[in-house]
2 protein chains.
Amino acid sequence: MQYPAPIAKLINSFTKLPGIGAKTAARLAFYVIDMPETDVTEFAQALVNVKRDLTVCEICGNISDTNPCQICQDESRDQSMVLVVEDARDVMSLERMQEYHGLYHVLNGVLSPMEGVGPEDLNVPALINRLHDETIQEVIIATNATAEGEATAMYLARLLKPAGIKVTRLAHGLSVGSDIEYADEMTLYRAIEGRREI
Amino acid sequence: MQYPAPIAKLINSFTKLPGIGAKTAARLAFYVIDMPETDVTEFAQALVNVKRDLTVCEICGNISDTNPCQICQDESRDQSMVLVVEDARDVMSLERMQEYHGLYHVLNGVLSPMEGVGPEDLNVPALINRLHDETIQEVIIATNATAEGEATAMYLARLLKPAGIKVTRLAHGLSVGSDIEYADEMTLYRAIEGRREI
């Protein structure tokens with residue numbers, strides 16, 4: 001005997017999620033059997049809605065339930081700066097900080113010759129378009145501190161600087177709360193290179 | 001800005017699952033956004049179906065999509081033995097072994113005075129009923145090797161033995177493939193106590 005079909009199907013769906021193997025999927029499926037019916041219905045509805053109701057903002061490329069997204073629509077935000085990120089998740093992390101009040105632009109990836117991702121695969125033309133009307137004074141590049149992220153930052157800087165726009169990059173250095181003892185060489189190098197007078 | 005509502009709801013549903021915290025839930029929710037629509041629809045359907053289509057077998061207490069369950073309906077199985085387990089998941093683990101061909105009985109818990117679980121909270125009366133027609137010759141108690149599992153096994157043995165039924169318990173000892181060095185004292189004690197001539 002195998003699992004009854006309804007359980008087997010649910011286990012199969014759970015295993016499609018990242019980091020969930022067969023054993024965890026079975027544990028989750030059995031947990032769902034004992035969950036209150038309303039929670040399960042809500043869960044199912046949330047799955048369907050997330051595919052149905054989310055869209056990509058045509059201005060900045062962010063994932064949103066409105067188009068343009070809430071951020072692009074918000075006129076109280078500083079319209080003179082655009083922070084460029086790899087991914088919509090980065091926008092949400094930065095928004096949690098509640099200290100940045102400018103606009104965003106989501107690239108939807110990074111340059112990666114290894115994986116065949118070139119500039120034409122990224123949301124770059126829309127960024128160039130946004131710069132035309134000269135409202136935007138500064139572009140802050142916040143791609144990840146990886147080789148691909150750095151390469152993408154360099155590419156964008158070279159592309160945008162000739163147009164006379166101020167292009168900046170997030171600071172690199174020690175994480176707040178981290179030990180120098182455990183920091184890697186590149187981070188230490190960047191921390192020394194970017195040192196500031198106190 | 002918080003997450004857009006559809007994402008926030010899905011994250012909230014994921015956090016209701018065991019072992020999934022806020023960060024993992026967010027990672028899974030964003031993964032779902034990029035999943036093929038058919039996979040997401042199937043997932044949602046599987047969640048709803050698992051609540052709708054599963055039932056508890058009125059004979060053995062197993063979780064099944066039929067009532068009685070496939071195992072109780074299967075006349076080719078050995079009708080003379082019943083293996084008693086705590087939980088429907090145990091039935092599925094034992095069935096994966098493909099070596100046991102008797103029937104099952106799911107207690108749906110174990111005796112636990114600490115958590116206020118007494119004999120009346122377990123699926124015991126149905127077990128007593130099944131023993132009335134004398135088809136069943138042996139009851140194999142396969143509760144877990146925990147304090148509660150042991151207590152439940154003792155309770156059942158005392159309840160059933162006076163009725164003249166053979167009551168057995170799964171062997172305890174070293175797991176196959178395990179090192180003596182890493183075995184705990186109780187397991188070693190049980191392994192020595194239960195030693196067999198070779």
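Order of the sequence lines sets the chain letters (A, B, ...), proteins ahead of strands, with each chain counted from 1.
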For the backbone of B:E42 and the side chain of A:K9, can you confirm whether one donor and one acceptor N or O come within less than 3.5 Å of each other?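 Here the side-chain-to-backbone pair does not exist.
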Say whether, by atom type as modelled, one donor and one acceptor occur between the side chain of A:K51 and the main chain of B:T38 under 3.5 angstrom. no
Linking I/L/V/M/F/W/Y whenever their side-chain heavy atoms sit closer than 4.5 Å, directly or via other members, would [X] and [Y] fall into one cluster?
X	Y	result
A:I136	A:I59	no
B:M97	B:L83	yes
B:V56	B:V50	no

Would you mind telling me which of [options] has the largest number of heavy-atom pairs within less than 4.5 Å of chain A?
options	value
B:I7, B:T41, B:N49	B:I7
B:A8, B:A44, B:A26	B:A44
B:T66, B:L28, B:D87	B:L28
B:T24, B:L54, B:D34	B:L54

Side-chain atoms of residues 157-168 of chain B: list all donor-acceptor pairs with protein atoms under 3.5 Å, sequence neighbours left out, distances to 0.1 Å.
residue: B:T168; atom: OG1; partner: B:E138; partner atom: OE2; Å: 2.9

Would you say A:E134 has more than 12 foreign heavy atoms packed within less than 6.0 Å of its CD? no
Greater than 12 external heavy atoms within 6.0 Å of A:E185's CD: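 Atom CD in A:E185 is not packed in, count stays at 12 or less.
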Close approach to chain B in residues 10-23 of chain A, criterion heavy atom under 4.5 Å: A:L10, A:S13, A:F14, A:K16, A:L17, A:P18, A:I20
Positions in residues 104-129 of chain A that reach chain B, provided some heavy atom is under 4.5 Å away: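 Answer by number: none.
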Residue of the set B:D53, B:L47, B:I63 for which side-chain contact (heavy atoms from CB on, under 4.5 Å) holds with A:P6: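 Of B:D53, B:L47, B:I63, side-chain contact (heavy atoms from CB on, under 4.5 Å) with A:P6 is met by B:D53 alone.
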Is A:Y31 close to chain B through its backbone or its side chain, or both, or neither, when contacts mean heavy atoms under 4.5 Å? side chain
Who passes side-chain hydrogen bond (donor to acceptor under 3.5 Å, both in side chains) against A:E148, sequence neighbours left out? none
With side chains defined as the heavy atoms from C-beta onward, is the minimum distance between A:Y3 and B:R89 less than 4.5 Å?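 Side chain of A:Y3 against side chain of B:R89, heavy atoms only: no contact under 4.5 Å found.
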Using the rule given for side chain to side chain contact (heavy atoms under 4.5 Å, CB included), can you reason through B:V48 versus A:V40, listing the C-alpha separation, both sets of side-chain angles and the distance that settles it, and then say yes or no? CA-CA 7 Å; B:V48 172; A:V40 177; 5.6 Å; no
